[in-house]
Amino acid sequence: MILTTLKMVVQPKSRRGLLEAMRAMLAPARVERGCLSCRFYEDVENRNAFILLEEWATQEDLERHLSQDSQRHLLALMEHLSEQPELRFNTISGIAGMALMEKVRKEEGPR
C-alpha cells in the first residue's frame with residue numbers, strides 16, 4: 001500500500017477556493033481503480049492548513065492516478081499556497097490496528 005500525504009497552507013483569502021477545488025477532486029479520485037481512501041482534513045490549530053491523505057493499493061495505481069488531469073490542476077493550486085507544500089509518498093508493508101495497542105498495553109501491565 002502507498003500512503004500519500006500532502007500538507008498545504010493557503011492564504012486566508014484563497015481558503016474558500018482551495019476547499020471548493022478539493023471537494024471537486026475528491027469524488028473522482030475515490031472511484032479510481034486502486035484507491036483505498038481519499039480524504040481532506042483541516043488542521044485544528046491552523047484553519048488555513050490542510051492535509052490531503054490518500055491510500056493506494058499498488059504503486060501502479062498511484063502512478064495511474066498521478067497521470068490524471070486532476071493532478072495537473074492540483075499542481076496549479078499548489079503554486080498559490082502561502083508556504084511550500086509538503087508531499088510524501090510512503091510505502092506501507094504492514095498494517096496493525098487496535099489489536100496491537102491492546103497487546104502492548106496488556107504486556108506493559110498497569111502503571
**Asked** Is there a donor in the side chain of H80 and an acceptor in the side chain of Q11, or the other way round, less than 3.5 Å apart?
**Response** no
**Message:** Between L87 and F89, is there a side-chain heavy-atom distance shorter than 4.5 Å?
**Reply:** yes
**Prompt:** Quick one: are T4 and R88 in side-chain contact, heavy atoms under 4.5 Å?
**Reply:** no
**Pairwise side-chain contact, F40 with I51, heavy-atom cut-off 4.5 Å (strictly under)** = no
**Message:** For residues M101 and I95: do they belong to one hydrophobic cluster (side chain heavy atoms under 4.5 Å, members Ile, Leu, Val, Met, Phe, Trp, Tyr)?
**Reply:** no
**Item:** Note: E102-K106 ion pair, threshold 4.0 Å (strictly below)
**Value:** no
**Gap separating the CE atom of M1 from the OG1 atom of T91, nearest 0.5 angstrom** = 10.0 Å
**Prompt:** Between V9 and L81, does a side-chain contact (heavy atoms from CB on, under 4.5 Å) hold up when you go through it step by step?
**Reply:** CA-CA 6 Å; V9 180; L81 299 177; 5.9 Å; no
**Asked** Do R39 and E54 have side-chain heavy atoms sitting under 4.5 Å apart?
**Response** no
**Donor + acceptor pair across side chains of S70, R72 (<3.5 Å)** = no
**Request:** May I ask whether M78 and V10 are part of the same hydrophobic cluster, defined by side-chain heavy atoms of I, L, V, M, F, W, Y residues being less than 4.5 angstrom apart, directly or through others?
**Result:** yes
**Complete:** Rounded to the nearest 0.5 angstrom, the CG-SG distance for D61 and C35 is 9.0 Å
**Request:** First locate atom CH2 of W56, then atom CG of L66, and finally report the distance between them rounded to the nearest 0.5 Å.
**Result:** 8.0 Å
**Asked** Can M8 be reached from L53 by stepping across I, L, V, M, F, W or Y side chains whose heavy atoms are under 4.5 Å apart?
**Response** no
**Complete:** For L26 and C38 the tightest heavy-atom approach is CD2-SG, 3.5 Å
**Prompt:** Does some side-chain heavy atom of I2 sit less than 4.5 Å from a side-chain heavy atom of E55?
**Reply:** no
**Message:** With a 4.5 Å cut-off on side-chain heavy atoms, are H65 and R33 touching?
**Reply:** no
**Request:** Following the transitive rule for hydrophobic clusters with a side-chain heavy-atom cut-off under 4.5 Å over Ile, Leu, Val, Met, Phe, Trp and Tyr, establish whether M98 and L100 coincide in one cluster.
**Result:** no
**Request:** Check whether any side-chain heavy atom of E63 lies under 4.5 Å from a side-chain heavy atom of E60, and answer yes or no.
**Result:** no
Extract all donor-acceptor atom pairs below 3.5 Å that involve side chains of residues 14-21 and protein atoms in other chains or at least two apart in sequence.
unit_1, atom_1, unit_2, atom_2, d
R15, NE, R47, O, 2.7
R15, NH2, E42, OE1, 2.9
R15, NH2, E42, OE2, 3.2
R15, NH2, R47, O, 3.3
R16, NE, E20, OE2, 3.2

**Item:** same_hphob_cluster(L52, L3) at 4.5 Å side-chain heavy-atom cutoff
**Value:** no
**Prompt:** Given side chains that start at C-beta, do those of L6 and L74 come closer than 4.5 Å, heavy atoms only?
**Reply:** yes
